[in-house]
Every structure is written in C-alpha cells, then in structure tokens.
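Notes for the one structure printed next.
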Amino acid sequence: MSVHLLEQGFQPYQWLSEFETQLPSGQHGASASFIGTMRDFNDNESIQHMTLEHYPAMTQRYLEQLEQRAEQQWPLNACLIVHRFGDIHIGDSIVLIGCWSAHRRAALDACAWLIEELKFNAPFWKKEYRQHGTVWVSENTSGN
C-alpha cells in the first residue's frame, strides 16, 4: 500500500528514500515529488497552528482512488501519498506525493495533478488557530 495517513510528524525525504529502495531497479528514469509544509500565515493573518480532521476510512479510500486514477491516466511505475492529520505546527510536513515513471513528463504531470486533486477534493477539515481566534477554513488557497 502506498497511501498513508499519519497522526505523527514525518520526514518526507526519508519516506521517499525508503519507498524508492523498494522499487525494482532500472524501471524508472524519473521521479517527481511534492512536499507541503505548514506556513505561518493564511488570508493575511498569522497562524499559530492548525488541526486537520478527517474520517479515516473515507479519507483513506479517497486517497487510494486518487492514486489509482493517476496510475490509470499516466504510465507510472509507482506512486506514494503520505498525509498528516491531527495537530500540526509551523514547519511541519503535511503532505508528501511521489511519482515514479520511465519518463519525466508522466511523473511531473501526475504529481501536479495529484496535489491539486488532493488539495481541493480530499475529505479533510482544517481548523486554523489564528491571532484573533479559530477559523474553519472553507476553501483552499490557489496553487499559483
């Protein structure tokens, strides 16, 4: 299984390295990855920390479906999705996506598609602890 939901912090480069060592050698010529990290601002306000809530089975199933859709759409050798939930602090890694393929275009396109789909459609609920109170975030910021 290459979809993981974690309540504890994780080291994204360690996950990438350990996952890649399990892949058949010589099968992939490209890999692309995305690492999302908690920043200290949103909507022009400072943020102290946040909480990500989810329904475990629903979120796991959704992320697995995303992975399957990516593997159907692009010729990928492998895909890895790691996502945090619970209390997350400034600088913590939140999400990791890795894609491996024979050629770079498939890896890059699949990785970009996965993070946009995940950010806008995955069933997570984000509560930010801002300077002037708590806010449930109703929509994600643009990826631009």
Side-chain angles (χ1 to χ4, degrees), residues 1-130 135-144:
M1 180 187 314
S2 55
V3 172
H4 304 272
L5 288 164
L6 306 173
E7 188 166 12
Q8 295 80 29
F10 68 100
Q11 298 297 320
Y13 295 105
Q14 182 178 354
W15 273 81
L16 284 170
S17 176
E18 291 177 3
F19 187 82
E20 188 172 86
T21 61
Q22 299 171 19
L23 300 178
S25 180
Q27 304 262 321
H28 59 275
S31 62
S33 62
F34 174 86
I35 298 167
T37 304
M38 182 171 170
R39 62 180 182 259
D40 65 357
F41 66 94
N42 193 20
D43 296 332
N44 298 318
E45 280 196 58
S46 66
I47 300 171
Q48 284 77 43
H49 71 282
M50 72 175 177
T51 301
L52 280 179
E53 295 186 2
H54 73 301
Y55 293 113
M58 176 192 300
T59 306
Q60 180 79 29
R61 185 174 52 249
Y62 183 81
L63 296 180
E64 288 171 358
Q65 289 170 346
L66 272 186
E67 177 191 34
Q68 292 168 358
R69 288 173 53 199
E71 290 176 346
Q72 291 169 353
Q73 192 167 344
W74 290 278
L76 300 176
N77 296 89
C79 186
L80 171 66
I81 300 173
V82 180
H83 205 293
R84 283 280 312 275
F85 65 92
D87 292 325
I88 300 172
H89 298 274
I90 308 300
D92 286 353
S93 296
I94 302 169
V95 60
L96 162 66
I97 294 175
C99 296
W100 288 261
S101 66
H103 303 286
R104 66 185 176 277
R105 180 53 48 207
L108 290 167
D109 289 350
C111 189
W113 180 82
L114 278 165
I115 188 58
E116 293 304 318
E117 286 293 313
L118 190 153
K119 284 287 291 183
F120 287 98
N121 298 315
F124 288 103
W125 293 269
K126 182 176 10 177
K127 186 180 200 178
E128 292 179 341
Y129 297 82
R130 297 180 179 185
V135 174
W136 284 101
V137 177
S138 60
E139 60 185 41
N140 282 306
T141 55
S142 167
N144 298 328

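- When only modelled atom types and interatomic distance are considered, Asn77 and Ser101 share no side-chain donor-acceptor pair under 3.5 Å.
- The aromatic rings of Trp125 and Tyr55 stand perpendicular to each other, their planes meeting at an angle above 60°, with 30° marking the opposite boundary.
- Within 6.0 Å of the NE2 atom in His89, the count of heavy atoms belonging to other residues, nucleotides or ligands exceeds 12.
- Taking the six-membered ring for Trp and the full ring otherwise, His4 and Phe10 have centroids separated by 6.0 Å or more.
- Under the 3.5 Å distance criterion, the side-chain polar atoms of Thr21 are matched with a main-chain donor or acceptor of Glu18.
- Shown here for Ile90 and Arg39, the closest heavy-atom pair between the two residues is CD1-O, 3.4 Å.
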Could you walk me through whether His83 and Leu6 pass the side chain to side chain contact (heavy atoms under 4.5 Å, CB included) test, one step at a time? CA-CA 6 Å; His83 205 293; Leu6 306 173; over 6 Å; no
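- The aromatic rings of His28 and Trp100 sit perpendicular to each other, their planes meeting at more than 60°, with 30° as the lower class boundary.
- Closest approach of Leu52 and Arg84 over heavy atoms only: CD1-O, 3.6 Å.
- Gln60 and Glu64 share a donor-acceptor pair across their side chains, judged by distance under 3.5 Å alone.
- Atom NZ of Lys126 and atom OG of Ser138 lie 10.5 Å apart (nearest 0.5 Å).
- To the nearest 0.5 Å, atom CG of residue Asn121 and atom CD of residue Gln65 are 11.5 Å apart.
- To the nearest 0.5 Å, atom CE of residue Met50 and atom CZ of residue Arg130 are 11.5 Å apart.
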Take Glu117 and Tyr62 through the side chain to side chain contact (heavy atoms under 4.5 Å, CB included) test and state the conclusion after the steps. CA-CA 10 Å; Glu117 286 293 313; Tyr62 183 81; 4.1 Å; yes
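- Around atom CD of Gln11, no more than 12 heavy atoms belonging to other residues, nucleotides or ligands sit under 6.0 Å away.
- Considering all non-hydrogen atoms of both residues, Leu80 and Trp15 come closest at CD2-O, 4.1 Å.
- A donor-acceptor contact shorter than 3.5 Å is absent between the side chain of Thr51 and the backbone of Lys127.
- The shortest non-hydrogen separation linking Ala122 to Leu63 is CB-CD2, 4.3 Å.
- The heavy-atom pair separating Leu5 from Pro56 by the smallest distance is CD1-O, 4.0 Å.
- For OH of Tyr13, the number of neighbouring non-hydrogen atoms (other residues, nucleotides, ligands) closer than 6.0 Å is 12 at most.
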Would you please test Glu53 and Trp136 for side chain to side chain contact (heavy atoms under 4.5 Å, CB included) and show each step? CA-CA 11 Å; Glu53 295 186 2; Trp136 284 101; 3.8 Å; yes
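- Pairing each heavy atom of Leu23 with each of Ala78, the nearest pair is CD2-CB, 3.5 Å.
- Annotation: the span from Ile35 atom CD1 to Ile97 atom CD1 amounts to 10.5 Å, rounded to 0.5 Å.
- Summarising the geometry, atom CG belonging to Leu118 is positioned 10.0 Å from atom CH2 belonging to Trp113; distances are rounded to the nearest 0.5 Å.
- Rounding to the nearest 0.5 Å gives a distance of 3.5 Å between CD of Glu128 and CD1 of Ile47.
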